[in-house]
Amino acid sequence: LLLPPPPPPPPAEGEDEMQPEGGPSFEFRFEAAKLLLDVDSTTATAIRVLSALLYENDTNVDVWYLLALAHHGACQFADARECIESGEKLMRTHAAEDGDGMDEGKAAEF
């Protein structure tokens, strides 16, 4: 299993910090990252937010998938591939724990 990326660097001067303590919820930051990918001309902020979410909880397949999309949008294809592979492995692990017996076809749909 790939380890989540290191914590994001501290925000630049003038940027808001998105700390979990007293800050926006995990779900809010996930939705904000989705919006950033839709409206921002760069993916750097979305990648930073999603990386921070993975640092908090690397078992959320949706975050891995969205981070893969963000890396793909930034033409960081190797990073995107790693995120997809981590998400697929996580899906297989969850399926094995649930007894679903996820096959390769389902993983390819991810």
Side-chain angles (χ1 to χ4, degrees):
L1 178 68
L2 286 174
L3 295 175
E13 192 172 319
E15 284 187 8
D16 292 332
E17 287 191 57
M18 291 193 231
Q19 298 297 325
E21 299 85 25
S25 70
F26 187 94
E27 292 79 14
F28 178 85
R29 289 178 288 146
F30 179 75
E31 293 300 322
K34 287 189 341 188
L35 290 172
L36 284 168
L37 289 175
D38 285 341
V39 299
D40 197 356
S41 61
T42 68
T43 58
T45 304
I47 289 172
R48 195 180 92 239
V49 170
L50 292 163
S51 294
L53 292 175
L54 279 181
Y55 186 73
E56 284 178 43
N57 177 7
D58 66 347
T59 63
N60 188 312
V61 176
D62 294 326
V63 176
W64 282 110
Y65 175 72
L66 201 57
L67 184 57
L69 287 178
H71 280 301
H72 187 272
C75 297
Q76 299 168 348
F77 303 118
D79 292 333
R81 181 62 150 166
E82 285 183 29
C83 292
I84 289 292
E85 290 170 356
S86 294
E88 287 177 342
K89 186 171 184 177
L90 187 60
M91 287 175 61
R92 282 189 205 95
T93 302
H94 285 292
E97 289 171 358
D98 294 341
D100 290 344
M102 184 174 131
D103 61 12
E104 290 298 316
K106 288 184 183 177
E109 292 173 10
F110 175 75

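Note that the coordinates shown come from a computational prediction; the quantities given were computed from them, not determined experimentally.
- For the pair Asn60/Phe26, a side-chain contact is recorded, criterion being any heavy-atom separation below 4.5 Å from C-beta on.
- Residues passing the side chain to side chain contact (heavy atoms under 4.5 Å, CB included) test with Ala32: none are found, sequence neighbours excluded.
- The number of heavy-atom neighbours closer than 6.0 Å to CZ of Phe28, taken from other residues, nucleotides and ligands shown, is 12 or below.
- Two residues are said to be in side-chain contact when any heavy atoms from C-beta on lie closer than 4.5 Å; Ile84 and Trp64 fail this criterion.
- Across His72 and Ala80, no two heavy atoms sit closer than the pair N-CB, 3.8 Å.
- Residues Asn57 and Thr59 come closest through the heavy atom pair OD1-OG1, 2.5 Å.
- Scanning both residues, Leu90 and Asp58, for their nearest heavy atoms gives CD2-O, 3.8 Å.
- Among all heavy-atom pairs drawn from Ala46 and Ala33, the shortest one is CB-O, 4.0 Å.
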Check step by step if salt bridge (Lys or Arg N to Asp or Glu O under 4.0 Å) holds for Glu56 and Arg29. CA-CA 12 Å; Glu56 284 178 43; Arg29 289 178 288 146; 2.6 Å; yes
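- Across all their heavy atoms, Leu53 and Val63 have their closest contact at CB-CG1, 4.1 Å.
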Between Lys89 and Glu85, is a salt bridge (Lys or Arg N to Asp or Glu O under 4.0 Å) present by the stated rule, with each step listed? CA-CA 6 Å; Lys89 186 171 184 177; Glu85 290 170 356; over 6 Å; no
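- Here the closest heavy-atom approach between residue Ile47 and residue Ala70 is recorded as CG1-CB, 3.6 Å.
- For the atom pair CG of Leu50 and CG of Leu66, the computed distance is 5.0 Å after rounding to the nearest 0.5 Å.
- With salt bridges taken as basic N to acidic carboxylate O contacts below 4.0 Å, none links Arg92 and Glu97.
- The shortest distance between side-chain heavy atoms of His71 and Thr43 does not fall below 4.5 Å.
- Arg81 contributes atom CZ, which lies 11.0 Å from atom OG of Ser86 (distance to the nearest 0.5 angstrom).
- With values rounded to the nearest 0.5 angstrom, Asp98 atom CG is found 11.5 Å from Met91 atom CE.
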